[in-house]
Protein chains: 2
Amino acid sequence: MSESTGLRARKKERTRDAIGDAAVSLFLERGFDRVSVNDIAAAAEISKPTLFRYFPTKEDLVLYRFADHQGEAARVVRDRKSGIKPVTALHRHFRAGLDRYDPVTGLSDHPEVVAFHRLVFTTPSLAGRLTRYQLEDEEALADALGEGIQARLLAAQVLAVQRVLARTNWQKIADGRTAHDVHPEAVADADQAFNQLP
Amino acid sequence: MSESTGLRARKKERTRDAIGDAAVSLFLERGFDRVSVNDIAAAAEISKPTLFRYFPTKEDLVLYRFADHQGEAARVVRDRKSGIKPVTALHRHFRAGLDRYDPVTGLSDHPEVVAFHRLVFTTPSLAGRLTRYQLEDEEALADALGEGIQARLLAAQVLAVQRVLARTNWQKIADGRTAHDVHPEAVADADQAFNQLP
DNA sequence: GTTACTAGGTTAAAAAAGCAACTCGGTTAC
DNA sequence: GTAACCGAGTTGCTTTTTTAACCTAGTAAC
């Protein structure tokens, strides 16, 4: 009970999804810079100012799917059960992502997801913006880990590790293998990477 | 070119249709007065004030399908080719409606249309309101036919004829016959009725 | 080099929608 | 009989969306 989101909120969310989906679908079809924001607004049946009220820039139309995971690492650390070390919590969280083939782990072989990742990695402005998102994520994680240089170093290493793992997984799948097939290696890589963190 | 309906107009029309369709669908399912306007607003995912901005009363939620034909008879008379008598133009127009099994002629056997007509005819407040629509239609037709008592009499008779014809057709179909089967009789009835008009 | 066009992004005003609280007439409960 | 309630329709206020016009940077035309 009490899913009472309210009409306004419900429609807002749906509009946001409609815009994002229309955008990604067009980008995958024709490439990032062969689609104008006008095209997207038209496809989503909203006006251009409305589009920019939902997404500050054209890049964000793609990256909101990552943005939805913003601060996830920090949250995992903050919400860990007492007695669990931060790195362990992050390790388990990543492992759980692998087990459910979560797209953020790179271990998804849904064609749409694979194509989406290719789009992001091969479009410079998108890759650049994604890096900025990750930096924010890193700062948040550092704050969750504590103060001082130690926390900052650990945060940077964790996110670096996650990035490399995700990209490695994606590459194997982009080469034609199935997620199920890659899964054991992905788990082994993750174990090795997380275990060698301080 | 120039399908340019404009975003605003397009959405308005769609909202109107969504409300009307939701309303009729609920009315057919549960009956006119076992559905509240709140139910309809919820089903159409709009707020109650918005509903009443589109439809002045609950009855109009049903009758807008007739309202869309408002003034049609008058228009047919005004737009007739020179040399054609008004009654002839109206006769041909009705005949054309029969040939394409237009719901307003009563000669449609789509279950939804049949049920819709039953709803209107068996709900007093709806039947009453429909009569008022037809009176307005009659006035408009009278004006199109000219001035004076002659025009008014003819208008009244034409609409009376059309009403009887439509209801006769609907009754035969409500009794289980197909529109295709009834069509010849409907045409014959219409010919007889229109030919005996002054 | 100017001109003109395109695409990302912004602005101001007006239309439309949501929300909550209200009126008013008619039932039901007690 | 009166209090509580329900459903149709309204009202005032706020938020959201459309519209059309604009700004700016890049780039193609000539």
Side-chain angles (χ1 to χ4, degrees), chain A residues 2-20 22-24 26-27 29-64 67 119 123-129 132, chain B residues 2-24 26-27 29-64 67 119 123-126 128-129 132:
Chain A
S2 80
E3 298 318 309
S4 60
T5 329
L7 201 48
R8 197 128 75 188
R10 218 159 63 232
K11 286 189 174 180
K12 248 177 123 160
E13 212 176 311
R14 236 180 292 166
T15 301
R16 191 181 163 82
D17 287 348
I19 300 173
V24 169
L26 284 175
F27 287 152
E29 195 180 313
R30 316 214 294 260
F32 184 71
D33 23 42
R34 274 199 288 277
V35 179
S36 75
V37 296
N38 283 301
D39 295 339
I40 297 164
E45 305 208 271
I46 45 121
S47 68
K48 197 164 58 150
T50 298
L51 186 154
F52 280 107
R53 259 195 314 90
Y54 279 89
F55 297 92
T57 72
K58 188 183 178 186
E59 281 77 25
D60 290 290
L61 284 164
V62 179
L63 297 178
Y64 78 104
L119 173 70
T123 307
S125 61
L126 289 179
R129 185 109 184 172
R132 278 207 26 236
Chain B
S2 79
E3 299 317 309
S4 59
T5 326
L7 199 47
R8 193 125 78 192
R10 217 158 66 233
K11 286 189 174 181
K12 252 177 118 160
E13 212 176 312
R14 239 182 290 167
T15 301
R16 191 181 162 83
D17 286 349
I19 301 174
D21 289 351
V24 169
L26 284 175
F27 287 151
E29 196 180 313
R30 315 214 295 260
F32 184 70
D33 24 40
R34 273 198 289 277
V35 178
S36 75
V37 296
N38 283 302
D39 295 339
I40 297 164
E45 305 208 272
I46 47 124
S47 69
K48 196 163 60 151
T50 299
L51 186 153
F52 282 106
R53 249 178 244 125
Y54 279 87
F55 297 92
T57 72
K58 189 182 178 187
E59 281 76 24
D60 290 290
L61 283 164
V62 179
L63 298 177
Y64 78 104
L119 173 70
T123 307
S125 61
L126 289 178
R129 184 107 183 175
R132 278 206 26 235

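So that the names make sense, note that chain A is the first sequence line, chain B the second, and so on, each numbered from 1.
When every heavy atom of A:K11 is checked against every heavy atom of B:E45, the shortest pair comes out as NZ-O, 2.8 Å. The minimum heavy-atom distance between B:R16 and B:Y64, with the atom names listed, is NH2-CB, 3.6 Å. Residues A:D60 and A:F55 approach most closely at O-CD2, 3.6 Å, considering heavy atoms.
One interatomic measurement links the two molecules: CG of B:D33 to C1' of D:dC6, which rounds to 14 Å at whole-angstrom precision. Atom pair A:R34:CZ and C:dA7:P shows a separation of 13 Å (rounding to whole Å applied). Taking atom CG of A:L61 as the reference point, atom C1' of C:dA7 lies 14 Å away to the nearest angstrom. Look at CG on B:N38: it is 14 Å from C1' on C:dA21, rounded to the nearest Å.
A donor-acceptor pair under 3.5 Å is formed between the side chain of A:K58 and the backbone N or O of A:V35.
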**Item:** Letter per nucleotide, 5' to 3', of nucleotides 9-22 of chain D [B base touched, S only sugar-phosphate touched, - untouched; heavy atoms, 4.0 Å]
**Value:** BBB---SSBBBB--
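Each of A:L51, A:V24, A:L126 was scored for a side-chain contact (heavy atoms from CB on, under 4.5 Å) with A:L61, with one residue passing: A:L51.
Under 4.0 Å is where a charged nitrogen must lie from a carboxylate oxygen, and between B:E29 and B:R34 no such pair does.
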